[in-house]
2 protein chains.
Amino acid sequence: MAATPHGEEAASRAARSGAAFVAAWSGVPDDLSERLSASQLRVLVAVERAGEATASQLALSLDALPSSVTRLCDRLVAAGHIERSRGEEDRRVQVVRLTAAGAALLDRLERHRRTALQRAMRDMSEADREALLHGLAAFSAASADGDATRR
Amino acid sequence: MAATPHGEEAASRAARSGAAFVAAWSGVPDDLSERLSASQLRVLVAVERAGEATASQLALSLDALPSSVTRLCDRLVAAGHIERSRGEEDRRVQVVRLTAAGAALLDRLERHRRTALQRAMRDMSEADREALLHGLAAFSAASADGDATRR
DNA sequence: TATTGTTATACTCTATAACTATA
DNA sequence: TATAGTTATAGAGTATAACAATA
C-alpha cells in the first residue's frame with residue numbers, strides 16, 4: 001500500500017469513517033431539542049465558553065448578526081436559560097451570562113454526549129480505544145497549532 | 001493511571017478532544033453556505049445517499065415532516081439541485097433525485113471536507129495519523145454493530 | 001376509507017435597514 | 001458623530017391541521 005501524494009488518501013479515509021463519530025458527538029437528547037432550537041443551543045454553548053459576553057461578542061463568535069443574537073437571547077431569557085444586565089462601565093452594552101438552569105441544561109447535553117460516545121467505545125478493544133483517543137488528541141493539537149501559525 | 005468504571009474517562013476524553021475533528025469534518029465552504037441553507041444541504045445529502053427517494057422516505061430519514069420536506073424540495077428544485085417526477089407504479093408519490101448540478105455541489109462539499117481534514121493531518125506524525133484512522137474505523141464498526149444488535 | 005403529497009397558517013430563524021440610547 | 005443594541009420588516013424553516021389526488 002503506497003503512500004499517496006499529500007496525504008489525500010488519509011484525509012479521504014477520515015472523511016468516510018469519521019461520520020459515525022461526528023454523529024455520536026453531535027447528538028442532542030430529544031427532550032432538549034424539543035425545548036430549544038439548534039440556534040438557541042449554539043448561543044448557550046457560546047455563552048458558556050465565554051463566561052460573560054456582550055451581544056456583539058456573541059455575534060462575532062457565532063458568525064451571526066447582532067439583531068439575530070438579540071432575538072435568540074430574548075427567547076433564552078424568557079425560558080430562564082440566560083440573564084442580561086447593563087454594562088457598568090459602558091451602559092450601552094448588555095452583558096449576557098448563564099443562569100443555573102442554563103448551566104444545568106448544558107450539563108445534560110455534555111452527559112448525553114459522553115453516554116453516546118461510551119456506547120460505541122465499550123464495544124471497541126482497549127487498543128482501538130487507545131488509538132482513537134491518541135489520534136483525536138493529536139488532531140486537536142495539530143488544529144490548534146495550525147490556527148496559531150496562520151495568525 | 002487506573003481505568004475508570006465503564007470507560008467514563010475514555011468517553012469524557014473523546015468528548016473533549018473530538019471537538020476539533022467534528023469542526024473540521026462539519027465545515028461547509030462559504031460560497032455553498034451562502035447559496036444553500038443547512039436544511040437544504042441535509043436534504044441534498046439524504047437524496048444522494050438514497051439515490052432516489054419519495055418525500056415521505058426523506059422525511060423519515062431526516063426526522064422531519066413531509067410538509068417541511070415539500071417546502072425544502074420546492075426550493076432545491078427551483079435552484080436546479082434536484083428534480084421531481086411522479087411515481088410510475090403509484091402515481092401519488094413524487095420521486096426525487098439529484099441533478100448533475102446537485103451532484104457537483106455535493107462533490108465540492110466532499111472535497112472541502114477532505115481538504116479541511118488534510119490541513120490538520122499533515123501536521124501530525126505518521127504514527128498519530130495511523131492511530132486516528134484506525135480508531136475512527138473501529139468506532140464506526142462498533143457503532144454499526146451496536147445499531148444492528150439493538151434492532 | 002387509507003395514504004401520499006401539498007397547501008394554509010402560525011411561530012421561529014436570519015438578514016437588511018431604521019431607530020434609540022449612550023459615548 | 002460613532003457605536004451597542006434593539007425594533008421593523010421580509011424571506012425561509014418547521015410544526016399542525018386541512019385538503020387534493022390516488023389507491
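These numbers were taken from a predicted model, which means no experiment stands behind them. Every chain is numbered from 1, with letters handed out A, B, ... down the list of sequences. Values below: all heavy atoms of this structure, side chains included; hydrogens, waters and symmetry mates excluded.
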Worksheet item: Starting at the 5' end of DNA chain C, which residue's closest nucleotide do you reach first, A:Leu72 or B:Gln94?
Response: B:Gln94
Worksheet item: Starting at the 5' end of DNA chain C, which residue's closest nucleotide do you reach first, A:Leu65 or A:Glu88?
Response: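 Nearest-nucleotide comparison on DNA chain C picks A:Leu65.
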Worksheet item: Taking atom types as modelled, is there a side-chain donor on A:Arg97 or A:Ser85 under 3.5 Å from an acceptor on the other?
Response: yes
Discussion item. Would the distance check show the side chain of A:Arg129 and the main-chain N or O of A:Met121 forming a donor-acceptor pair, the cut-off being under 3.5 Å?
Written reply: yes
Fill in: Any donor-acceptor N/O pair, A:Trp25 side chain to A:Arg113 backbone, under 3.5 Å
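Not a single qualifying donor-acceptor pair exists.
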Fill in: Over 12 non-hydrogen atoms of neighbours within 6.0 angstrom of CG in A:Asp31
yes
Fill in: Below 4.0 Å: OP1/OP2 of D:dA12 and any side-chain N or O of B:Gln40
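For B:Gln40, the contact criterion (side-chain N or O under 4.0 Å from OP1 or OP2 of D:dA12) is not met.
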Which part of the nucleic acid, if any, lies within contact of [X], taking any heavy atom under 4.0 Å across all strands shown: a base, the sugar-phosphate backbone alone, or nothing?
{"X": "A:Ser67", "answer": "base"}
{"X": "B:Glu89", "answer": "sugar-phosphate"}
{"X": "B:Ser37", "answer": "sugar-phosphate"}
{"X": "B:Ser68", "answer": "base"}
{"X": "A:Arg71", "answer": "base"}
{"X": "A:Arg84", "answer": "sugar-phosphate"}

Discussion item. Need two values: the first and the last nucleotide of DNA chain C, 5' to 3', having an atom under 4.0 Å from any heavy-atom of chain A.
Written reply: C:dT12 to C:dA23
Discussion item. With hydrogens left out and only the distance checked, is there a donor-acceptor pair under 3.5 Å joining A:Arg92's side chain and the base of D:dT3?
Written reply: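 Donor-acceptor pair under 3.5 Å: yes.
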In whole Å, I'd like the distance from the [atom1] atom of [X] to the [atom2] atom of [N].
{"X": "A:Asp30", "N": "D:dA15", "atom1": "CG", "atom2": "C1'", "result": "16 Å"}
{"X": "B:Leu41", "N": "D:dA12", "atom1": "CG", "atom2": "P", "result": "17 Å"}
{"X": "A:Asp74", "N": "D:dT7", "atom1": "CG", "atom2": "C1'", "result": "10 Å"}
{"X": "A:Gln57", "N": "D:dT3", "atom1": "CD", "atom2": "P", "result": "16 Å"}

Discussion item. Nearest heavy atom decides the nucleotide; on that basis, is B:Asp90 or A:Asp90 closer to the 5' end of DNA chain D?
Written reply: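 Of the two residues, A:Asp90 wins.
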Fill in: Hydrophobic cluster membership, A:Val22 vs B:Val45, 4.5 Å side-chain cutoff
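Result: no, two separate clusters.
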Practice prompt. State whether A:Arg42 and A:Asp63 are salt-bridged, where the test is any N-O pair (Lys NZ or Arg NE/NH1/NH2 against Asp/Glu carboxylate O) under 4.0 Å.
Written response: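 Salt bridge flag = no for A:Asp63 with A:Arg42.
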Worksheet item: Does the side chain of A:Arg114 reach to within under 4.5 Å of the side chain of B:Glu8, using non-hydrogen atoms?
Response: no
